[in-house]
Amino acid sequence: MPKHFVHDIDIMYEAYGHGETIVYLQSVLGGINPGAYYFAGRMSNNFRVIIWDGPNNGQSGVTLKSAASEYHLACEYLAGLLDALGEKTIHIAGCSGGGEMGVLFTHLYPDKVKSLAMYRPTDTASEVEREIIKARYFDIAQQAQKSMPDAVAYSKNPLPTRFGGVSRWLADLYRRDSSKILEIDNEAFARLMQSWGEWMGNPLFYRANLCDSDLRKVKIPTLICPCSDDYHPERLAIDLHSNLPNSTYIPSLKHRSQDDIYNAVCDENSFGGFGDFVDEYEKFVKSI
């Protein structure tokens, strides 16, 4: 996997195909996933497709510096990676939290984005997402108020709840760079985790917490494809469509059951209409 040194860490990425560049984004809560490879395989026949491990994910480096949110941090490093690759303007396609990252990136770096696509915007105020956010941020913040070793110890053996394992991300980073984790001021880190959790848990997260006027400044062509389930409800996509002035809306084709969502053998390209989204996206981006 190729890499570029961006700001203070190595960022790992993969690039496939030739032509105009599309960056595929998944949620910041993970690195390259099966959906990214499916997307790259489908779209690289006609485009150059970049997929990546964001900071603190996959094979990319460890950095927990202050930022308005974990999504702002990821956008900063994506912009740096694109600069290092000599990419002036790109198309962005994002799935779930990757769509929200795409909206935020477009807001922060409007001159870098030609078009945007969002598949299944996420309701982080839903019960399921609140549990995930609690495990990723608030439980870690509580332990970090004691000390960084306490936070790491908890992350190694979190509470055995449905999503308690999400807390293990800090222990994973500790295994990769223990000195960088232990040198962090624990109280500042606790405040950072609290603020990141509050940002992600905002009911307007599906808009990247942008107000109506900021959304209406996004003039680039935008494709919105919902996928109806308990934490990707179609009403979010409808609201985005009503506020993004140059958006195309493709109604939901499939509904995911709870068994689909939590079936460990399923991956991003085998359920939830992801293949339908890629079909529609290919037509959309070719039409621009």
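Keep in mind it's a predicted model, so treat the numbers as computed, not measured.
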State whether the side chain of [X] and the backbone N or O of [Y] hold a donor-acceptor pair below 3.5 Å, judged by distance alone.
X      : Y      : answer
Lys180 : Val62  : yes
Asn246 : Lys219 : yes
Asp177 : Leu173 : no
Asn209 : Trp199 : yes
Glu187 : Ala144 : no
Asn56  : Thr63  : yes
Thr222 : Ile220 : yes
Asn57  : Pro55  : yes
Trp169 : Arg136 : yes
Ser44  : Gly17  : no

Counting C-beta onward and ignoring hydrogens, is there a side-chain heavy-atom pair between [X] and [Y] closer than 4.5 Å?
X      : Y      : value
Ser115 : Phe284 : yes
His72  : Ser69  : yes
Leu236 : Thr122 : no
Leu82  : Phe105 : yes
Thr248 : Ile224 : no

Show, in sequence, the C-alpha distance, side-chain angles and deciding distance for Leu192 and Trp196, and conclude whether the side chain to side chain contact (heavy atoms under 4.5 Å, CB included) test is met.
CA-CA 6 Å; Leu192 186 65; Trp196 283 8; 3.3 Å; yes

Would you call the rings of [X] and [Y] parallel, tilted or perpendicular, where under 30° means parallel and over 60° means perpendicular?
X     : Y      : result
Tyr71 : Phe205 : perpendicular
Phe39 : Phe274 : tilted
His4  : Tyr13  : parallel

By side chain to side chain contact (heavy atoms under 4.5 Å, CB included) - contacts of Gln145 (at least two apart):
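Partners of Gln145 by the side chain to side chain contact (heavy atoms under 4.5 Å, CB included) criterion, ordered by chain and then number, come out as Ala190.
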
Apply side chain to side chain contact (heavy atoms under 4.5 Å, CB included) to residues Asn46 and Glu282 and explain how you reach the verdict.
CA-CA 9 Å; Asn46 297 292; Glu282 187 168 13; 3.7 Å; yes

Hey, are [Y] and [X] close enough side-chain-wise for a donor-acceptor pair under 3.5 Å?
X      : Y      : value
Ser147 : Asn186 : no
Glu14  : Tyr16  : yes
His91  : Thr21  : no

Rounded distance [0.5 Å steps], [atom1] in [X] versus [atom2] in [Y]:
X      : Y      : atom1 : atom2 : answer
Tyr249 : Leu240 : OH    : CG    : 9.5 Å
Asn45  : His18  : CG    : NE2   : 11.5 Å
Met118 : Thr106 : CE    : OG1   : 9.5 Å
Met193 : Ile140 : CE    : CD1   : 8.5 Å
Asp123 : Ser126 : CG    : OG    : 4.5 Å
Tyr24  : Ile50  : OH    : CD1   : 15.0 Å

Path from Ile250 to Ile288 over hydrophobic side-chain contacts below 4.5 Å
yes

With hydrophobic residues grouped by side-chain heavy-atom distances under 4.5 Å, do Ile11 and Phe5 end up in a single group?
no

Tell me whether Arg207 is salt-bridged to Asp214, with the criterion being a basic N under 4.0 Å from an acidic carboxylate O.
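Looking at Asp214 together with Arg207, the answer is no, because their closest N to O distance does not fall below 4.0 Å.
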
Below 4.0 angstrom, N of the basic side chain to O of the carboxylate: do Glu280 and Lys283 qualify?
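Looking at Glu280 and Lys283, the cut-off is met.
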
Can you confirm whether more than 12 heavy atoms, excluding those of His7, are under 6.0 Å from its NE2 atom?
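Yes, because the 6.0 Å sphere around NE2 of His7 holds more than 12 heavy atoms from other groups.
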
Among residues two or more places apart or on two chains, list those pairs meeting salt bridge (Lys or Arg N to Asp or Glu O under 4.0 Å) that have a residue in residues 74-92.
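Matches after skipping sequence neighbours: Arg48-Glu87, Lys65-Glu76, Asp83-Lys112.
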
Could you name each residue pair satisfying salt bridge (Lys or Arg N to Asp or Glu O under 4.0 Å) that touches residues 50-61, not counting sequence neighbours?
none

Decide side chain to side chain contact (heavy atoms under 4.5 Å, CB included) for Leu78 and Met101; before the verdict, give the C-alpha distance in whole Å, the side-chain angles of both, and the deciding distance to 0.1 Å.
CA-CA 10 Å; Leu78 177 59; Met101 183 181 165; 3.9 Å; yes

Please determine whether side chain to side chain contact (heavy atoms under 4.5 Å, CB included) holds for the pair Asp8 and Tyr77, giving the CA-CA distance in whole Å, both sets of side-chain angles, and the decisive distance to 0.1 Å.
CA-CA 10 Å; Asp8 58 338; Tyr77 282 84; 2.4 Å; yes

